[in-house]
Amino acid sequence: MIPSSLPSLTDSRNGRFLLFGFLYFTQGAIAAYVLIFNNLYLRAFGAAAWQLSLLNGLLVVPFILKIGIGVLSDKVRLRLPLFGAGHRRPYISLGLLLISIGGIAAAFVPPVEMYPLFVLMALFIALGLALYDTVADGYAIDVTPAEEQGQIQGVMVVGRALGVVILASIYGRIIAMFGWTVIFVAVALLTLTPQILMRFTHEPAERAHAQEFSWEALRSLWRPDIFRFSLYAIVYSVAIYGANAIVALFANEGLGQSLVAVGDVAALGGIGMVMGGAAATYLIRRPTISIWQQGVWTAAAVFAILLLMALVANENNIMLMFVLWGVCLSASELIYITLAMAKADRRMGAGQFAIFMAISNIGVGLGQSASTSLIDTIDFRWIFVGLAVINLLLFPLLAMMRQDDEREPNPLLTAVSGS
């Protein structure tokens with residue numbers, strides 16, 4: 001850790017972009033395996049649909065625990081050997097270390113023959129990811145000025161997408177050449193790299209008054225507008241992540257694509273995520289376009305691509321479908337996390353943001369578990385149709401949320417967009 005008297009990366013705009021962009025690039029490297037190849041890994045060893053469904057459902061549990069992780073980080077200043085002391089840095093470093101340890105251990109556990117142990121290892125990795133992700137979000141809230149919040153979330157979304165772009169295609173080739181075990185070790189080693197940047201950050205000995213922990217901040221959550229926002233979180237994540245859990249399986253099992261081809265089309269999906277994140281970040285900065293308008297446009301785009309996936313996707317156009325899906329995925333994520341960041345009370349920044357993300361993760365678990373449980377009994381295309389119908393519920397929810405904001409304008413939403 002650098003001495004607190006020296007500049008920290010978080011002191012400058014470019015430093016914040018570098019730090020949080022790389023933290024989420026690493027998350028993208030992990031997601032490139034978890035979201036694209038993990039289900040294929042289990043299927044390669046003969047896993048049934050129920051095993052995929054159970055694992056995908058259980059993996060969300062650590063992310064629901066983000067509520068406790070966020071509150072713990074807000075309230076308890078942690079001191080760890082090598083990682084220093086603070087409300088953010090040591091938690092982030094510890095989470096990254098847990099992912100690395102779990103990844104190496106999982107490499108040597110047969111996923112179907114020793115399914116319970118493999119699930120346990122996967123949950124250990126997910127716990128590390130939930131810890132580092134939760135506290136990194138809280139750190140971003142702590143150090144980012146209100147007018148930069150949309151930009152920093154855009155950097156994080158694009159950084160994550162770049163991780164998917166760069167690693168998805170590489171992973172497919174590594175698996176084809178060397179087998180599955182090497183991937184776990186590679187992901188574990190990649191997860192250690194952000195520790196270098198963390199050495200160039202520090203936290204103040206005392207938190208700013210506006211960021212001092214207060215249980216009073218929880219009272220602001222018991223409002224009708226937060227209830228509507230929570231419904232939006234669940235519906236959006238069921239549709240988006242229910243579909244995202246099966247797009248790679250659809251390419252592999254539904255369209256007969258090889259693992260290398262799946263990696264390549266997933267990389268194109270990552271390029272779409274970069275495009276969608278960049279476009280959404282640009283639009284958020286436009287004073288004439290509100291975040292509510294962007295939300296409606298994004299929901300319409302998700303509905304359209306899910307129907308296209310169901311009706312016309314084939315081996316000739318699947319690359320284009322993945323690019324369009326990537327655009328919709330990252331744009332949807334950016335809309336939600338920008339709203340969540342704006343609604344988080346800075347007295348419990350990581351805690352409240354974690355609550356909002358945990359609520360969306362309930363939808364992630366429901367969507368992923370439901371969609372993967374159906375793949376042996378229902379055609380992939382009908383699953384996409386069902387998710388498109390669920391996505392339609394976003395339109396009335398966005399209209400109600402916009403009315404909430406018009407009655408009681410949120411200054412942070414005004415700062416990040418033209419709402």
Side-chain angles (χ1 to χ4, degrees), residues 149-151 153-154 156-158 161 223-244 269 272-311 321 323-344 356-357 359-360 362-364 366-367 384-419:
Q149 286 191 1
Q151 297 172 54
Q153 289 291 356
M156 291 152 81
V157 168
V158 171
R223 304 194 313 264
D225 65 299
I226 296 297
F227 175 73
R228 285 184 278 272
F229 179 60
S230 299
L231 286 177
Y232 171 83
I234 292 172
V235 172
Y236 126 83
S237 53
V238 165
I240 284 287
Y241 288 99
N244 202 54
M273 291 174 66
V274 174
M275 294 165 56
T281 302
Y282 172 76
L283 290 173
I284 280 175
R285 298 176 63 184
R286 300 282 294 178
T288 57
I289 302 174
S290 76
I291 196 165
W292 309 114
Q293 290 173 298
Q294 293 176 60
V296 170
W297 298 345
T298 302
V302 169
F303 177 77
I305 188 60
L306 286 174
L307 285 187
L308 287 173
M309 200 83 75
L311 298 175
M321 294 294 173
V323 172
L324 295 175
W325 176 249
V327 172
C328 292
L329 175 62
S330 62
S332 298
E333 287 182 336
L334 186 56
I335 294 295
Y336 180 72
I337 61 180
T338 300
L339 288 170
M341 186 179 239
K343 289 177 177 294
F356 297 144
M357 298 310 292
I359 292 168
S360 72
I362 293 171
V364 172
L366 291 172
F384 288 130
V385 170
L387 293 169
V389 172
I390 291 172
N391 183 75
L392 289 174
L393 296 173
L394 293 179
F395 293 101
L397 286 170
L398 282 164
M400 289 186 285
M401 289 162 58
R402 182 171 189 168
Q403 291 173 359
D404 290 334
D405 188 57
E406 289 172 350
R407 284 192 293 270
E408 295 184 33
N410 185 320
L412 291 179
L413 284 180
T414 304
V416 299
S417 76
S419 59

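Positions are given from 1 along the sequence.
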Show the nearest heavy-atom pair for residues [X] and [Y], with the distance to one decimal.
X: A233; Y: S237; answer: O-OG, 2.7 Å
X: L387; Y: A239; answer: O-CB, 3.8 Å
X: L398; Y: A299; answer: CD1-CB, 4.4 Å
X: S330; Y: G272; answer: OG-O, 4.1 Å
X: A388; Y: L307; answer: CB-CD2, 4.1 Å
X: I240; Y: S332; answer: CD1-OG, 3.6 Å

Rounded at 0.5 Å granularity, tell me how far [atom1] in [X] sits from [atom2] in [Y].
X: M321; Y: I305; atom1: CE; atom2: CD1; answer: 5.5 Å
X: Y236; Y: I390; atom1: OH; atom2: CD1; answer: 15.0 Å
X: M156; Y: L334; atom1: CE; atom2: CG; answer: 10.5 Å

Are the side chains of [X] and [Y] in touch, meaning some heavy atoms are under 4.5 Å apart?
X: L306; Y: W325; answer: yes
X: W292; Y: I335; answer: no
X: L324; Y: M309; answer: no

Side chains of Y241 and E333, donor plus acceptor under 3.5 Å: yes
Can you label the angle between the F229 ring and the Y336 ring as parallel, tilted or perpendicular, going by 30° and 60°? parallel
Indicate yes or no for a side-chain donor-acceptor contact from N244 to the backbone of L329 under 3.5 Å, with no hydrogens or angles considered. no
Quick check: F303 with F395 (ring centres under 6.0 Å apart)? no
Is there a side chain to side chain contact (heavy atoms under 4.5 Å, CB included) between L339 and M401? Walk through the geometry before answering. CA-CA 10 Å; L339 288 170; M401 289 162 58; 3.9 Å; yes
I362, L397, I359 screened by side chain to side chain contact (heavy atoms under 4.5 Å, CB included) with S230, the one that passes: I359
